[in-house]
Engineer: 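One structure is given below, represented as structure tokens, and several questions about it will come after.
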Amino acid sequence: MFNGCLNGFGFLILMLPFLIFCICCVLVASEQISGQSSFLVKSGRSPLQTLQENDQLEQSAVQATLQGRRELLEETCHSHTRKRRVLSPEDLRHLIVDDKHKLLYCYVPKVACTNWKRVLMVLTGDGRYREPLAIPANEAHVAGNLRSLSEYSTAEINKRLRTYLKFVFVREPFERLVSAYRNKFTRSYNTAFHKRYGTKIIRRHRADPQAEALEKGNDVSFEEFVYYLVDPQTQREEPFNEHWERVHSLCHPCLIHYDVVGKYETLEQDSRYILKLAGAEGEVKFPVMSKSTRTTGDMAAKFFDNISPFYQKKLFNLYRMDFLLFNYSVPAYLKLR
């Protein structure tokens with residue numbers, strides 16, 4: 001009987017490696033079942049590495065669309081850029097850094113940049129912010145709440161440009177332009193813009209202006225705004241304000257290789273995809289926007305009714321590179337011939 005017990009114990013010793021192997025298999029299987037997002041976090045992959053690996057796999061419709069945009073941007077840059085130059089710190093002012101999630105975001109005014117800044121304040125705020133829409137819009141634009149890439153040393157800049165996921169959101173150029181005009185020149189609360197730009201526009205481009213208009217600058221017409229934009233003297237004096245500056249001049253897409261080019265027209269799905277790449281979809285959700293006040297193509301068309309074909313063509317030539325780089329068609333309402 002004692003010998004029988006010994007034999008049984010010896011059998012257990014012999015089987016021990018097999019039992020340990022089985023337990024390990026169960027643990028691995030349960031880890032795989034626990035979900036892809038937790039695997040991404042534990043694997044230590046950066047958003048850029050995740051994007052590059054996703055490009056090698058069978059792509060979803062969103063991935064294929066984003067890759068197509070990236071490839072078209074590179075081809076257009078190659079065709080239309082004669083010589084490359086070195087980036088300066090001034091070129092990097094619009095690039096916001098999230099070191100925690102390894103993200104670089106180039107913000108473009110009038111392309112949901114307030115909400116993207118709010119999201120990044122949640123992601124980089126170490127718990128200070130939890131809900132993007134609870135952050136006042138003016139606070140999202142306060143210098144110092146988010147770090148710009150221009151604040152880093154040259155070595156740190158190069159490292160982030162090489163290893164972080166770089167993304168930008170763009171919009172149909174004339175819809176963005178009309179949106180900027182409506183916001184800055186037709187809203188009574190934007191007195192700073194009226195004083196800074198409105199008075200100058202009226203003084204230069206209105207025949208026989210009234211004294212009140214010259215003082216307040218609060219009734220600039222869209223036609224006068226267009227005259228101001230295409231006037232060569234405007235850009236000789238100073239760069240365009242960021243709200244109507246061209247995207248290629250703000251974000252330099254032919255000098256900086258953007259990994260994701262999101263579009264205002266597909267804002268929600270593109271934003272979700274970026275947050276998923278960053279492993280941050282559980283931390284924050286991109287705010288759903290109200291469509292009631294959004295500037296549409298039909299609305300933009302009405303603003304161009306009073307613009308002569310001559311000035312339409314001059315304005316289109318001014319924003320032509322944004323149309324080309326980001327694959328926007330010439331608006332049907334333009335009379336360019």
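Side chains included, hydrogens not; waters and symmetry mates left out as well; all remaining heavy atoms used. The structure displayed is predicted, hence computed values, not measured ones.
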Engineer: Taking the basic N atoms (NZ, or NE/NH1/NH2) and the acidic carboxylate oxygens, is any pair closer than 4.0 Å for Arg69 and Glu265?
Structural biologist: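 Salt bridge absent between Arg69 and Glu265.
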Engineer: Taking Asn190 for its side chain and Asn183 for its backbone only, find out whether a donor-acceptor pair lies under 3.5 Å.
Structural biologist: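 Indeed, once roles are kept as given, a pair shorter than 3.5 Å links the two residues.
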Engineer: Phe222 and Phe304: aromatic ring centres closer than 6.0 Å?
Structural biologist: yes
Engineer: Mind checking what makes disulfide (SG to SG under 2.5 Å) contact with Cys113, not counting sequence neighbours?
Structural biologist: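 With sequence neighbours excluded, Cys113 shows a disulfide (SG to SG under 2.5 Å) to no residue whatsoever.
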Engineer: Checking Lys263 against Tyr328: charged group under 6.0 Å from the ring centre and within 45 degrees of the axis?
Structural biologist: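 Output yes; distance and angle both within limits.
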Engineer: Give the cluster check for Tyr319 versus Leu72: same hydrophobic cluster or not, with ILVMFWY residues linked at side-chain heavy-atom distances below 4.5 Å.
Structural biologist: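 No: no chain of side-chain contacts under 4.5 Å links Tyr319 to Leu72.
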Engineer: Is it true that Glu237 and Arg204 have a side-chain N and a carboxylate O under 4.0 angstrom from each other?
Structural biologist: yes
Engineer: Do the side chain of Lys166 and the main chain of Leu161 share a donor and acceptor less than 3.5 angstrom apart?
Structural biologist: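 Checking the backbone N and O of Leu161 against the side chain of Lys166, a donor-acceptor pair under 3.5 Å is found.
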Engineer: Please give me the minimum heavy-atom distance between Leu177 and Trp244, naming the atom from each residue.
Structural biologist: CD1-CB, 3.7 Å
Engineer: Applying salt bridge (Lys or Arg N to Asp or Glu O under 4.0 Å), which residue pairs with at least one partner in residues 221-233 are found, sequence neighbours left out?
Structural biologist: Arg206-Glu224
Engineer: Would you find a donor on one side and an acceptor on the other, under 3.5 Å apart, between the side chain of Asp91 and the backbone of Ser88?
Structural biologist: yes
Engineer: Looking at every heavy atom in both Pro109 and Leu250, which two are closest together, and how far apart are they?
Structural biologist: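 Scanning both residues completely, I find the closest heavy atoms to be CD-CD1, 4.0 Å.
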Engineer: At their closest point, which heavy atom of Phe323 faces which heavy atom of Pro331, and how far apart are they?
Structural biologist: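 Of all heavy-atom pairs spanning Phe323 and Pro331, the closest is CE2-CD, 3.7 Å.
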Engineer: Within the 4.5 Å heavy-atom criterion, are Leu315 and Ile307 side-chain neighbours or not?
Structural biologist: no
Engineer: Within this structure, what is the CZ-CZ distance for the pair Phe326 and Phe169, rounded to the nearest 0.5 Å?
Structural biologist: 12.5 Å
Engineer: Classify the side-chain pair Asp259/Tyr164 by whether it contains a donor and acceptor separated by less than 3.5 Å.
Structural biologist: no
Engineer: Please round to the nearest 0.5 Å and tell me the distance separating atom SG of Cys251 and atom OH of Tyr258.
Structural biologist: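 These two atoms lie 4.5 Å from each other.
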Engineer: Do Asn115 and Arg118 have side-chain atoms, one donor and one acceptor, less than 3.5 Å apart?
Structural biologist: yes
Engineer: Is there a donor in the side chain of Glu156 and an acceptor in the side chain of Ser153, or the other way round, less than 3.5 Å apart?
Structural biologist: yes
Engineer: Among residues two or more places apart or on two chains, list those pairs meeting ring-ring contact (aromatic ring centres under 6.0 Å, His included) that have a residue in residues 65-96.
Structural biologist: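 Matches after skipping sequence neighbours: His94-Tyr107.
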Engineer: Once you measure the plane-to-plane angle for Tyr228 and Phe225, does it fall in the parallel (<30°), tilted (30-60°) or perpendicular (>60°) bin?
Structural biologist: parallel
Engineer: Can you name the closest pair of heavy atoms from Ser46 and Thr163 and give their distance?
Structural biologist: OG-O, 4.2 Å
Engineer: Do the side-chain N and O atoms of Gln49 and Glu53 include a donor-acceptor pair separated by under 3.5 angstrom?
Structural biologist: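 Checked: Gln49/Glu53 side chains show no N/O donor-acceptor pair below 3.5 Å.
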